[in-house]
S.K.: 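The structure's right below; bear with me while I get my questions together.
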Amino acid sequence: MITTRQNFELSSVTTFAIPAKCGCYIEYDCPEDIPFILSTLRPNVDFLHIGEGSNLLFTSDFPGIVAHSRIKGIEIVEEDYPFVKVKVGAGEKMDDFIRWACDRELWGVENLSGIPGEVGASAVQNVGAYGSEASDAIVEVNAYDREKDDFVTLRCEDCHYGYRDSIFKRPELRGCMIIHSVVYKLTSMLSPNIDYPALKSCFSTLPSSPWQVREAVINVRNSKLPDPSVTPSAGSFFKNPVITQEQLQHIIDTTGNDSFPHFKVEGGWKIPAAWLIDQCGWKGRQAGNVAVWHLQPLVIVNPERKATATEVLDLEKSIVNSVKQKYGVTLIPEVEHI
Ligand code: EPU
């Protein structure tokens, strides 16, 4: 079934709860609805497909059409002991799928427990947490290709996954591929990944069930991140920057030592944006109706559900400017601005 609503208020379908209206909001239940919906679009109308809206900031009203998939289903499509391939509908909540996997003692996605968002979006954004990324377990993405006017299947390697990045985020493919299901590969073989320091410290012996890892991840998340159903936010607002050796040296000179967190990665040094923002004194600070989360300064929150996009953008600008001024590093938002 396809449902449409005109002049729709988007704050109810985004976790940030920032007010913005769209011209029309469409929801649908099966892959075959996609070409039908597309065939009804007026030429040149703006079209945006969203998931659970957990990583979005509408900076103003969106005059076009916003679509959302309600495609459900979690189905084992191949078993090759100890591996199983599981096809998951784009409209399933990522955490419902993770709970399903843990209930069956299947490893592979437990480190992503508690991540807001839906399965379709997990394959666009390559969501990640606690040493694991969606692309570690994705084998195939099934989509409708608007250019080809046909259904296509992309293998994981075709998706060019990177840190919170994929081919689906490229400007030339933006809005072109509409994902309707994702195939994840899981395993019944004991394979805990608890190298991430915050996770490792939760265990004195190796966990024997993905449920143990899931519970530890959820506890760590709850101790740092706001629950979006209670305190609206869009999760990490900024990406962790990768900086050059010269920029690193500048930070060492500014700080007077090199004991701050920094990790060698391809192309330079990764620095936690949270640390940079924290050092600039932003943690817990309020600016009108928006605030920097007191437990994790990477998150901007809308505690009273009264914030406007302008307030968020002003706070973003102030944070970016102060980090730039103090450390010479330009923070890039992770939250998608529409
Ligand atoms: N830190 C501070 N002050 C703080 C908090 C953190 O200095 O108040 C520093 C600490 O040095 C800490 C480091 O920041 O060791 C990293 O913090 P954390 O482990 O919480 O992770 P993060 O890099 O801030 C990333 C993801 C999160 C994900 C966590 C856990 C990004 C942009 N964010 O945060 O993802 O949950 O790792 O893996 O990569 C999201 O994408 O919405 C999200 C929440």
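By convention here, the first residue in the shown sequence is residue 1. Remember, it's a predicted structure, so these values are computed and weren't measured experimentally. Remember, it's 1-based here, ligands and their atoms both numbered in the order they're listed.
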S.K.: Tell me the protein heavy atom at minimum distance from atom 38 (O) of ligand 1, and give that distance in Å.
M.R.: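 Here the nearest protein heavy atom works out to Tyr130 N, 2.6 Å.
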
S.K.: Of all the non-hydrogen atoms in the protein, which one sits nearest to atom 14 (O) of ligand 1, and at what distance?
M.R.: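 Here the nearest protein heavy atom works out to Pro272 CB, 3.2 Å.
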
S.K.: Just to verify, which of Val13, Ile65, Thr4, Thr3 counts as forming a side-chain contact (heavy atoms from CB on, under 4.5 Å) with Tyr25?
M.R.: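 So the option named by the test is Val13.
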
S.K.: Would you call Asp158-Arg155 a salt bridge at under 4.0 Å N-O?
M.R.: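 Yes.
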
S.K.: Are the ring centres of His180 and Tyr28 closer than 6.0 Å?
M.R.: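 No, they do not, as the ring centres are separated by 6.0 Å or more.
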
S.K.: Just by modelled atom types, is the Gly175 backbone N or O under 3.5 Å from a matching donor or acceptor in the Arg146 side chain?
M.R.: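 Here the side-chain-to-backbone pair exists.
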
S.K.: What atoms of ligand 1 come within less than 4.0 Å of a heavy atom belonging to Asn240?
M.R.: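 So the atoms of ligand 1 that pass are 23 (O), 31 (C), 39 (O).
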
S.K.: Got a donor-acceptor contact below 3.5 angstrom from the Lys326 side chain to the Gln279 backbone?
M.R.: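 Yes: the side chain of Lys326 pairs with the backbone of Gln279.
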
S.K.: Among all the protein's non-hydrogen atoms, which is closest to atom 1 (N) of ligand 1, and how far away is it?
M.R.: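 Its nearest protein heavy-atom neighbour is Ala274 CB, 3.8 Å.
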
S.K.: In terms of residue, atom name and distance, what is the protein heavy atom nearest to atom 7 (O) of ligand 1?
M.R.: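 Answer for atom 7 (O) of ligand 1: Trp275 CA, 3.2 Å.
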
S.K.: Considering the heavy atoms of Gly235, write down every atom of ligand 1 situated less than 4.0 Å from one of them.
M.R.: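 Taking each heavy atom of Gly235 in turn, ligand 1 has 42 (O) under 4.0 Å.
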
S.K.: Asp278 heavy atoms, cut-off 4.0 Å: which ligand 1 atoms fall inside?
M.R.: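 In order of numbering, the contacting atoms are 2 (C), 3 (N), 4 (C), 7 (O), 8 (O).
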
S.K.: Could you tell me whether Glu157 atom CD has more than 12 heavy atoms of other residues or ligands within 6.0 Å of it?
M.R.: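 Check passes, neighbour count above 12.
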
S.K.: In the protein, what heavy atom is nearest to atom 44 (C) of ligand 1, and what distance, to one decimal place, separates them?
M.R.: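 Of the protein heavy atoms, Ser236 OG, 3.2 Å lies nearest.
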
S.K.: For Asn126 and Ser166, indicate whether the former's side chain and the latter's backbone hold a donor-acceptor pair under 3.5 Å.
M.R.: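 No, Asn126 side chain to Ser166 backbone: no donor-acceptor pair under 3.5 Å.
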
S.K.: Starting from atom 8 (O) of ligand 1, what is the nearest protein heavy atom, named by residue and atom, and what distance separates them?
M.R.: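 Scanning the protein heavy atoms, the shortest distance from atom 8 (O) of ligand 1 goes to Lys283 NZ, 2.7 Å.
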
S.K.: Could you check whether Trp275 and Tyr327 have their ring centres less than 6.0 Å apart?
M.R.: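 Yes, they do, as the ring centres are separated by less than 6.0 Å.
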
S.K.: Using modelled atom types and a 3.5 Å cut-off, is there a donor and acceptor pairing between side-chain atoms of Tyr163 and backbone atoms of Asn240?
M.R.: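 The answer is yes, because a donor-acceptor pair under 3.5 Å joins these two groups.
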
S.K.: Does the residue Arg164 have a heavy-atom contact with ligand 1, meaning some pair of atoms that are separated by less than 4.0 Å?
M.R.: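 In this structure, Arg164 qualifies as a contact of ligand 1 - some heavy atom is under 4.0 Å.
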
S.K.: Within a distance under 4.0 Å of any heavy atom of Leu298, pick out the atoms of ligand 1 and give their elements.
M.R.: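 Within the 4.0 Å cut-off of Leu298, ligand 1 contributes 24 (O), 32 (C), 33 (N), 34 (O).
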
S.K.: Specify side chain, backbone, both or neither for Pro261, according to which of its non-hydrogen atoms lie closer than 4.0 Å to ligand 1.
M.R.: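 Contact part for Pro261 vs ligand 1: side chain (C-beta onward).
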
S.K.: What residue and heavy atom of the protein are closest to atom 17 (O) of ligand 1, and at what distance?
M.R.: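 I find the closest protein heavy atom is Gln296 NE2, 4.2 Å.
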
S.K.: Compute the minimum heavy-atom distance from Ala198 to ligand 1 and say whether it is under 4.0 Å.
M.R.: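 Contact check Ala198 vs ligand 1: negative.
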
S.K.: Is Lys283 close enough and on-axis enough to Trp293, meaning under 6.0 Å and within 45°, for cation-pi?
M.R.: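 The answer is no; the distance or angle limit is not met.
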
S.K.: What is the closest protein heavy atom to atom 37 (O) of ligand 1, and at what distance does it sit?
M.R.: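 Looking only at protein heavy atoms, the one closest to atom 37 (O) of ligand 1 is Tyr196 OH, 3.6 Å.
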
S.K.: By number and element, which atoms of ligand 1 are closer than 4.0 Å to a non-hydrogen atom of Phe238?
M.R.: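 Every atom of ligand 1 under 4.0 Å from some heavy atom of Phe238: 32 (C).
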
S.K.: May I ask you to identify, for Phe260, whether its side chain, its backbone, both or neither come under 4.0 Å of ligand 1 on a heavy-atom basis?
M.R.: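 No part of Phe260 comes within reach of ligand 1.
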
S.K.: Which of the numbered atoms in ligand 1 are below 4.0 angstrom from a heavy atom of Lys224?
M.R.: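 Counting from 1, the qualifying ligand atoms are 18 (P), 19 (O), 20 (O).
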
